[in-house]
Amino acid sequence: MSISEFSVRKPITMLMIILSIVVLGLLALNRLPLAFMPDRSSDDVDITVPYVSSSPEEVERRITRPIEDSMSTLPHLESISSSSSSEGARIEVEFVDGIDMGMASVAVRDRLDRVRPQLPDDVERIHIRRWRSTDRPIIQASLAWQGAVDELYGIVAKTIVPQLQRIDGVANVEVGGLDERHVLVELDFERMRAHRIDVYDLSRSLQTNNVNTAGGWILDSGRKHIVRTIGEFQSIEEIAQTPIQGTGLVLSDIADVKFGYPEKTRFQRLNSNEAIVLGIFKSSTANVVEVAANVKALLKRLQHDPNLSGLELYIYRDQSEEI
């Protein structure tokens, strides 16, 4: 029996089939997300440990090998590859296909917590990254300010980023190229050699003089008071007057201590003005088109704000338009 003959002989059945297809289409229209690509993730976890001013051999011995040994007994492990350089260590842990990568990432973090006491004390942070297709920003924009650089930092950190983060569906806002003032210690190596001062010992002196220490507790009339010794630096002058162990010198005798901007190595311009880059990321369940529309509406309102008349904005990548 052909399809046309079946349709003529059983009109009620065909009507129900057509209605079912229409209902499924309407449900799919409202529920299927509009996305640039399917939500996928890789089967590997990248571990990066920054450790500058060291030799590759030392990084391998003190960082790479302990982490590799800790990861080698993970379940469902496929392979481990690593590289060591003067900038730090990078370890890639690859798992077999089909496992729950969320649980695998938790296992990797647990192993890193176990091996952390074996790593050098001056390792400040360990970066763990697992690639996912949703890690790409849905909107990238260049932003410039015609006023002073200090004003730009305050506007971005206190006005633009908090308002973007409050939009429903926005998971994170990354800012690139925004300079923030730091305490800069510019050493005079000629004076250091003359007084036989080592950079490592100098760094340790600064660290030990800039710390808050718990001092226990005092029991007074049935009340328990926590005691803390506050030893963090409060001003540039305190840092400059830090004594150098083993000498009668202070830091300002061999270094220039100031509060300023670090030397720029990358530059971003928008209409001849110094600019920064904004990257807006959506949450995993949010609709790209809807979130992008809300973000662009907010940015447009900010451009028309009289208090932000010196603000220039250019969106150079928008996933919603590509979709």
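FYI, side chains are in, hydrogens and waters are out, and symmetry mates aren't considered; it's all heavy atoms of this structure.
The shortest non-hydrogen separation linking Leu187 to Ala255 is CD2-CB, 3.7 Å. For Ile63 against Val123, the heavy-atom pair with the smallest separation is CD1-CG2, 4.1 Å. The heavy-atom pair separating Gln118 from Pro66 by the smallest distance is OE1-CB, 4.0 Å. When all heavy atoms of Arg116 and Arg125 are compared, the closest pair comes out as NH2-N, 4.3 Å. Of all heavy-atom pairs spanning Ile91 and Ser82, the tightest one is CG1-CB, 3.9 Å. Contact between Gln165 and Val173 at its shortest, heavy atoms only, is CG-CG2, 3.9 Å.
With Ser309 contributing its side chain and Asp305 its backbone, the two residues share no donor-acceptor pair below 3.5 Å. Listed for the Glu60 side chain is no donor-acceptor partner under 3.5 Å among the backbone atoms of Pro56. The main-chain N or O of Asp253 is found under 3.5 Å from a side-chain atom of Arg191 such that the two form a donor-acceptor pair. A donor-acceptor pair under 3.5 Å links the side-chain atoms of Ser20 to the main chain of Met16, judged by distance alone.
The shortest side-chain heavy-atom distance between Pro50 and His127 falls under the 4.5 Å cut-off. Side-chain atoms of Ile126 and Leu119, non-hydrogen and from C-beta on, do get closer than 4.5 Å to each other. When side chains are defined from C-beta on, Met101 counts as touching Val45, because their heavy atoms get closer than 4.5 Å. Counting heavy atoms from C-beta outward, Gln319 and Ile139 have side chains that stay 4.5 Å or more apart. Side-chain atoms of Asn287 and Val291, non-hydrogen and from C-beta on, never get closer than 4.5 Å to each other. Looking at heavy atoms from C-beta onward, Leu219 lies out of side-chain contact with Arg223 at the 4.5 angstrom threshold. You'll find the side chain of Trp145 reaches within 4.5 Å of the side chain of Ile155, heavy atoms only. Inter-residue side-chain proximity for Val108 and Met71 is flagged as met; some heavy-atom pair is nearer than 4.5 Å.
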Applying side-chain contact (heavy atoms from CB on, under 4.5 Å), run through Asp44 and Val93 and close with a yes or a no.
CA-CA 5 Å; Asp44 59 88; Val93 183; over 6 Å; no
*Ile160 and Leu302: CA distance, side-chain angles, deciding distance, side-chain contact (heavy atoms from CB on, under 4.5 Å) verdict*: CA-CA 8 Å; Ile160 297 177; Leu302 291 174; 4.1 Å; yes
*Trace of the side-chain contact (heavy atoms from CB on, under 4.5 Å) decision for Val257 with Val183*: CA-CA 7 Å; Val257 184; Val183 176; 4.2 Å; yes
For side-chain contact (heavy atoms from CB on, under 4.5 Å), just list the numbers for Arg109 and Ile128, CA-CA rounded to whole Å, side-chain angles, deciding distance to a tenth of an Å, and then say yes or no. CA-CA 8 Å; Arg109 293 179 184 275; Ile128 304 174; 3.6 Å; yes
*asked:* Using the rule given for side chain to side chain donor-acceptor pair (under 3.5 Å), can you reason through Ser105 versus Arg130, listing the C-alpha separation, both sets of side-chain angles and the distance that settles it, and then say yes or no?
replied: CA-CA 8 Å; Ser105 300; Arg130 177 169 64 95; 3.3 Å; yes
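Using modelled atom types and a 3.5 Å distance limit, the side chains of Tyr51 and Asp122 yield a donor-acceptor pair. A donor-acceptor contact closer than 3.5 angstrom is absent between the side chains of Ser70 and Arg111. Side chains of Ser84 and Thr64: a donor on one and an acceptor on the other come within 3.5 Å. Between the side chains of Asn273 and Glu312, at least one donor-acceptor pair of N or O atoms lies under 3.5 Å.
Within 6.0 Å of NE2 on His76 lie no more than 12 heavy atoms contributed by other residues, nucleotides or ligands. Summarising the local packing, CZ of Arg65 is surrounded by 12 or fewer heavy atoms from other residues, nucleotides or ligands at distances under 6.0 Å. Heavy-atom contacts from other residues, nucleotides or ligands closer than 6.0 Å to OH of Tyr314 number 12 or fewer. More than 12 heavy atoms of other residues, nucleotides or ligands sit less than 6.0 Å from atom NE2 of His225. Enclosure of atom CG in Asp121 is not indicated, since only 12 or fewer non-hydrogen atoms of other residues, nucleotides or ligands lie within 6.0 angstrom. The environment of Met14 atom CE is dense: over 12 non-hydrogen atoms of other residues, nucleotides or ligands sit within 6.0 angstrom. At most 12 heavy atoms of other shown residues, nucleotides or ligands fall within 6.0 angstrom of atom CZ in Arg196. Taking a 6.0 Å sphere around CD of Glu124, one finds it holds 12 or fewer heavy atoms contributed by other residues, nucleotides or ligands.
Atoms CE and CD1, on Met192 and Ile254 in that order, are 5.0 Å from each other to the nearest 0.5 Å. Taken from NZ in Lys158 to CD in Gln163, the straight-line distance is 14.5 Å, to the nearest 0.5 Å. Distance check, rounded to the nearest 0.5 Å: CG of Leu311 to CG of Leu313 gives 6.0 Å. Rounding to the nearest 0.5 angstrom, the gap separating the CG atom in Asn294 from the CD1 atom in Ile167 is 6.0 Å. Here Gln140 contributes atom CD and Glu174 contributes atom CD; the two are 9.5 Å apart, rounded to the nearest 0.5 Å. Annotation: the span from Ile67 atom CD1 to Leu112 atom CG amounts to 6.0 Å, rounded to 0.5 Å.
For Glu57 and Arg61, the salt-bridge test fails: no basic side-chain N is under 4.0 Å from an acidic carboxylate O.
Following chains of ILVMFWY side-chain contacts shorter than 4.5 Å, one cannot reach Val156 starting from Val277, and the two form parts of different hydrophobic clusters. At a threshold of 4.5 Å between side-chain heavy atoms, the hydrophobic network of Ile, Leu, Val, Met, Phe, Trp and Tyr places Val106 and Phe95 in two separate groups. Both Ile280 and Ile323 sit in one connected hydrophobic cluster of ILVMFWY residues. Membership requires side-chain heavy atoms under 4.5 Å apart, directly or through other members. Connection of Phe6 to Leu15 is not established within any shared hydrophobic cluster, with ILVMFWY side chains joined at heavy-atom distances below 4.5 Å, either directly or through further cluster members. Under the 4.5 Å side-chain heavy-atom criterion for grouping Ile, Leu, Val, Met, Phe, Trp and Tyr, Val23 is not connected to Ile18 through any hydrophobic cluster.
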